[in-house]
Amino acid sequence: MKQKKEFDWFDRPESKRKLWIMLYVVCAALVVPDVFTHRHAYFGFAHYFAFYALLGFVSCAVLILFSKLVALFLKAKEDYYDK
Amino acid sequence: MINDFPPAAILILGALLVPFFKGKAKNWYVILLPAAAFYLISQLQVGSSWQVHFFGFDLTFLRVDKLSKVFGYIFTLNAVAAFVYAFYLKDNTQHMSALFYIGSAIGVVFAGDLVSFYFFWEVMAVASTFLILGRKTEKAQAAGMRYIMVHIFGGLCLLAGIVIYITETGSIAFNAIADRNLGTYLILIGLLVNAAAPPIHAWLPDAYPEATVTGGVILSAYTTKTAVYTLVRGFPGWEILIVVGCIMTIYGIIYALLENDMRRILAYSIINQVGFMVCGVGIGTAMSINGTVAHAFCHIIYKSLLWMSAGSVLYMVGKSKCTDLGGLYKTMPWTLIFGGIGALSISSFPATSGFTSKSLILDGAIHEHLMWVWLVLEVASAGVFLHAGIKFPYFVFFAKDKGLRPGETNKGMLIAMGFMAFLCIFLGLYPQPLYNVLPYEVPYQAYTFTHVIAQLQLLMLSALVFFLFLKLLKRTETISIDTDWFYRKGGRLFYYVMDKALNGINSVSERIFVGGLAGYLGRVSRDGSTRAALLALVPAWVIGGAKGEKLAVKKANVRTALRTGTSPVGITAAIATIFLVVVFFLM
C-alpha cells in the first residue's frame, strides 16, 4: 500500500527561491503607488517617497542589531537560575 | 431586576457549583456561565447601578457606562472561547479558579468605588495564581510563588494609595483622578504592576509561560487588560503614561526577539501591546482613549488566539522552545492558519482587527502633534511584525523540520481558534459594531488607500529584514536576564551576604565564647582544685625527697582521687584549707 505523500512544499529549495522572489516583488510593488499618490502628510517628513518602507526597514534592522547588542549582557544559560 | 444584578456574581457564584457536574456536562456548564454573563451585560442599561451599604460606605458593585460595558463584553466573550478551548479539561481546580479570576476581573470593571474595586482586584491575584500552580511542575510552583509575591507588593501599594486618597478626599468613588500626590502615585504604581510596566513587569514573562495550556490563554487576557481599564478610568491624560507606554512597546520587542520559548515570546509581546494602550491613555483625548479601548478589545481576541495556537502545540508536542520545534505546518495546518491570522492581527495587517484598532491610537498621537510618540509607535508597529507576526509562526511551524509529527489538535481547541480567527477578520473588515460600543462618539475611517499602502510598506519591509537577518535571529538555548533577577538572584545574593556576615559573626563568637572562654572556665572549674592541691603538695613532696617516677605516680594518684572524689581525708582537708585561705584573701 502506498503511503500518502506528505505536504512538504515549504522545505523545497526551489519553493524557498520562489518565496524570496515573491517577497522582493511585493516590496518593490508597494512603493510604486508612492509615485502617483500624495500621502496626507501629518509631519513634514512622512510624505517623502517610500517613507514607510524605509521606516520599516531601518527600524527593524536597528531593533535586531540592538537586541543582539543587549544580548551580550543579558543572555544566560537555561539553568542560570537553578544554580 | 436584571438591571441591577452584577454580572461578576454569575461567574463567581457559578464557580462554586462546578464540582457537582460530571463529564461533558461540566464543560458545557462552564461555557454557559460566561455566555449568560455576556447576555446580562448586553441587557444592562447605561447609568444603572447597584449599591450596598457596608461599614459606613456605600459600595457600588455595579456601575454601568459605555466603558465598563465594552470591557464586560470582551471579558465574557473571551471567556466563552477559552472554555470551548478547554473542552478537553476536567480539572475542577482549574475551571473554578478560572471562573473566580474572570468573574473578579468583571467585578473590577463594574466596580464603582475604590473599596469594592480593591476587593475584586485581590481576588483576581489569588485566583489567577492557581492557573499557574495547576501545571504541577516544580518550575510552575516557583514561578507561581514569585507571581503572587509581586502581586501582593502591587496590592499593598494600591491599598496604601487608596487609604491616603480616601482620607484626603473623603470619597471612595472611583473616577478620573486629577490630584497628583503620594496617594494617587501609589495607586498608579499598584495599577502599573498589573499592567506589566517595566521595571515591575517581570512577573508576566516569568509566570505566564509556566501556566497550564488553558491557563496561559486565560491569563493573557485579564490581568493586564483590567489594569488598562483602571488606567482609562482613573488616569486619562497623565502624561507620564505616554513615556511608560512608549518604553513598554520597545522593551517587549527587544526581549521577544531574544526569547527562545514560544510562550515567553508571546508574553513579552503582551507588554509591547499593552504599551500601545497605556500610551493611548496618556494621550488622553477622546480618539486615543477610544483607540486604547478598541485595541484592548481586539488585542484580547488575537492574543488569546495566539496563546491558543501555542497552547495546542504545547498540548500535542509537549515542547515550547523554538529550538525544539519546527516544521509543524505539515501536521498541524489548522493550528498554523488560525495562529497565523492571530499573528497578522497583532501586526495590524490590513483586513485584520489590529489594523482597525491600533490606527486610532496612532492618529490620536498625530492629532496632538506628538511627533516622537508617533514615531516610536510606528517603529514598535514594525517590530511587532518582526517578533510576533513572523518569528513566532516561523520558528514553530516552519524553520527546520525537527521530525515532529504530532497530528492536528483536538476539536474543541480548533473550534475556539476558528471562532477567534473569524472575529479577527470580521472586526478587521467591518469594525463598525466595535466602534459603536466605544466610550466616545468619534467617527473614524481606517481604510484609506494611502493608509493601507503605508501600513503594507512598513510591514513587508519588516518581513524582508527578518529574512535577510535570519542568521542573526537563529534561536539559541538561552534565557534572557530580566528584572526578576533582582528577586531571584538578588534574593540569593542577599541571602549569601547575610549568610556570610551573620554566620561569620556567629562563628567568631563561637570561637571566642564557646570554644575559648567557656572552655577555659570549664577547664578551670574542672582542674582548678587539682592544680591548687598539686601546687601545695608538690613542693612538700619534693622536700620530702620524692622525685622522678615516684613524684609522677603521686601526682597521678592525686588527680585520680580528686576527679573521682575519693581523695584521702588529709588531702581534702588541705584543699579545704587552701580554698578558705583563697576565699579569705579574695574577700
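To find a chain, count down the sequence lines: A is the first, B the second, and so on, and within it residues start at 1.
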Visitor: Please state whether the side chain, the backbone, both or neither of A:Trp20 comes within less than 4.5 Å of a heavy atom of chain B.
Guide: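 Contact with chain B is through the side chain of A:Trp20 alone.
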Visitor: What part of B:Lys391 gets closer than 4.5 Å to chain A, counting heavy atoms only: side chain, backbone, both or neither?
Guide: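 Looking at B:Lys391, nothing touches chain A.
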Visitor: So, the side chain of B:Tyr329 versus the backbone of A:Phe10: is there a donor-acceptor pair under 3.5 Å, distance only?
Guide: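 Looks like yes, one N/O pair under 3.5 Å.
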Visitor: For the candidates B:Lys139, B:Met460, B:Met371, which exhibits the highest count of non-hydrogen atom pairs separated by less than 4.5 Å from chain A?
Guide: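 Looking at each of B:Lys139, B:Met460, B:Met371 in turn, B:Met371 comes out on top.
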Visitor: Is the closest side-chain heavy-atom distance between A:Asp34 and B:Thr450 below 4.5 Å?
Guide: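 Heavy-atom side-chain distance check fails, nothing below 4.5 Å.
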Visitor: Who wins among B:Ala382, B:Ser381, B:Gly383, B:Ala454 for the most heavy-atom pairs under 4.5 Å with chain A?
Guide: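 When all of B:Ala382, B:Ser381, B:Gly383, B:Ala454 are compared, B:Ala454 has the most.
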Visitor: Does any heavy atom of chain A fall under 4.5 Å from the side chain of B:Trp374, the backbone, both, or neither of them?
Guide: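 Answer is side chain: those atoms of B:Trp374 sit under 4.5 Å from chain A.
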Visitor: Do A:Glu78 and B:Asn260 have side chains that get closer than 4.5 Å, going by heavy atoms?
Guide: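 Touching, per the 4.5 Å side-chain cut-off.
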Visitor: Do B:Gln457 and A:Phe51 come close enough that some side-chain heavy atom pair is under 4.5 Å?
Guide: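 The answer is no; the side chains never approach within 4.5 Å.
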Visitor: A side-chain contact here means heavy atoms from C-beta on lying under 4.5 Å apart; do A:Tyr81 and B:Asp484 qualify?
Guide: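 A:Tyr81 reaches B:Asp484 side chain to side chain.
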Visitor: If you count heavy atoms of other groups shown closer than 6.0 angstrom to OH of B:Tyr447, is the number above 12?
Guide: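 Yes.
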Visitor: As an exercise: rank A:Cys27, A:Ser59, A:Ala53 by heavy-atom pairs under 4.5 Å with chain B and give me the winner.
Guide: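 Highest number of pairs under 4.5 Å: A:Ala53.
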Visitor: How long is the gap from SG on A:Cys60 to CG on B:Leu464, to the nearest 0.5 Å?
Guide: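 Atom-to-atom, A:Cys60:SG and B:Leu464:CG are 10.0 Å apart.
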Visitor: Please name the pair of heavy atoms, one in A:Ser67 and one in B:Leu258, separated by the smallest distance, quoted to 0.1 Å.
Guide: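 The answer is O-CD2, 3.2 Å.
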Visitor: In terms of heavy-atom proximity below 4.5 Å to chain A, should B:Leu257 be classed as side chain, backbone, both, or neither?
Guide: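 It is the side chain, since no backbone atom gets that close.
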Visitor: Looking at B:Glu138, I'd like to know if its CD atom is crowded, meaning that more than 12 non-hydrogen atoms belonging to other residues, nucleotides or ligands lie closer than 6.0 Å.
Guide: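 12 or below, so no.
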Visitor: Tell me, for B:Phe385 versus chain A, whether the close heavy atoms (under 4.5 Å) come from the side chain, the backbone, both or neither.
Guide: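 When you check distances to chain A, no heavy atom of B:Phe385 falls under 4.5 Å.
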Visitor: Kindly indicate, with the supporting measurements, whether the criterion side chain to side chain contact (heavy atoms under 4.5 Å, CB included) is fulfilled by B:Asp482 and A:Leu74.
Guide: CA-CA 8 Å; B:Asp482 204 340; A:Leu74 296 177; over 6 Å; no
Visitor: Go through A:Gly56, A:Ala76, A:Ala71 and name the one with the most non-hydrogen pairs under 4.5 angstrom from chain B.
Guide: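 Most heavy-atom pairs under 4.5 Å with chain B: A:Ala76.
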Visitor: What part of A:Tyr24 gets within 4.5 angstrom of chain B, counting heavy atoms only: side chain, backbone, both, or neither?
Guide: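 Side chain of A:Tyr24 only, per the 4.5 Å heavy-atom cut-off to chain B.
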Visitor: Test the A:Lys16-B:Phe467 pair against the cation-pi criterion, namely NZ or CZ under 6.0 angstrom from the six-membered ring centroid and within 45° of the ring axis.
Guide: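 No, A:Lys16 does not lie over the aromatic ring of B:Phe467.
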Visitor: Inspect the surroundings of CZ in A:Phe7 and state if more than 12 heavy atoms from other residues, nucleotides or ligands are less than 6.0 Å away.
Guide: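 Above 12, so yes.
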Visitor: B:Ile253 versus chain A, heavy atoms under 4.5 Å apart: side chain, backbone, both or neither?
Guide: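 Contact with chain A involves the side chain of B:Ile253 alone.
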Visitor: Which bit of B:Leu386 comes within less than 4.5 Å of chain A, counting heavy atoms only: side chain, backbone, both or neither?
Guide: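 The answer is the side chain of B:Leu386.
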Visitor: Answer yes or no: does atom CZ of A:Arg17 have more than 12 heavy-atom neighbours from other residues, nucleotides or ligands under 6.0 Å?
Guide: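 No, because the 6.0 Å sphere around CZ of A:Arg17 holds 12 heavy atoms or fewer from other groups.
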Visitor: Below 4.5 Å from any heavy atom of chain A, which atoms of B:Leu473 appear? Answer side chain, backbone, both or neither.
Guide: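 The answer is the side chain of B:Leu473.
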Visitor: Count the heavy atoms belonging to other residues, nucleotides or ligands that lie under 6.0 Å from OH of B:Tyr495, then report whether that count exceeds 12.
Guide: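 Incorrect, the count does not exceed 12.
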Visitor: Does any heavy atom of chain B fall under 4.5 Å from the side chain of A:Ile64, the backbone, both, or neither of them?
Guide: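 When you check distances to chain B, atoms from both the backbone and side chain of A:Ile64 fall under 4.5 Å.
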Visitor: Would B:Leu468 and A:Phe57 count as a side chain to side chain contact (heavy atoms under 4.5 Å, CB included) here? Give the steps.
Guide: CA-CA 11 Å; B:Leu468 286 175; A:Phe57 191 92; 4.1 Å; yes
Visitor: Return yes if a side-chain donor-acceptor contact under 3.5 Å exists between A:Lys77 and B:Thr478, otherwise no.
Guide: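 The criterion, which ignores hydrogens and geometry beyond distance, is not satisfied for B:Thr478 and A:Lys77.
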Visitor: Within a radius of less than 6.0 Å around NZ of B:Lys402, do more than 12 heavy atoms belonging to other residues, nucleotides or ligands occur?
Guide: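 Enclosed.
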Visitor: So do the side chains of B:Ile481 and A:Lys75 get within less than 4.5 Å of each other, counting heavy atoms only?
Guide: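 Answer no - side chains too far apart.
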Visitor: Would a 4.5 Å heavy-atom cut-off, applied to side chains only, mark A:Val58 and B:Val465 as touching?
Guide: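 A side-chain contact under 4.5 Å is absent here.
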Visitor: I'd like to check A:Phe66 versus B:Ile250 (side-chain heavy atoms, cut-off strictly below 4.5 Å). Are they in contact?
Guide: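 With C-beta onward as the side chain, the pair stays apart.
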Visitor: For side chain to side chain contact (heavy atoms under 4.5 Å, CB included), just list the numbers for B:Phe469 and A:Leu65, CA-CA rounded to whole Å, side-chain angles, deciding distance to a tenth of an Å, and then say yes or no.
Guide: CA-CA 9 Å; B:Phe469 284 55; A:Leu65 293 175; 4.2 Å; yes
Visitor: Sort A:Val26 into side chain, backbone, both or neither according to what part of it lies under 4.5 angstrom from a heavy atom of chain B.
Guide: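 Only the side chain of A:Val26 comes within 4.5 Å of chain B.
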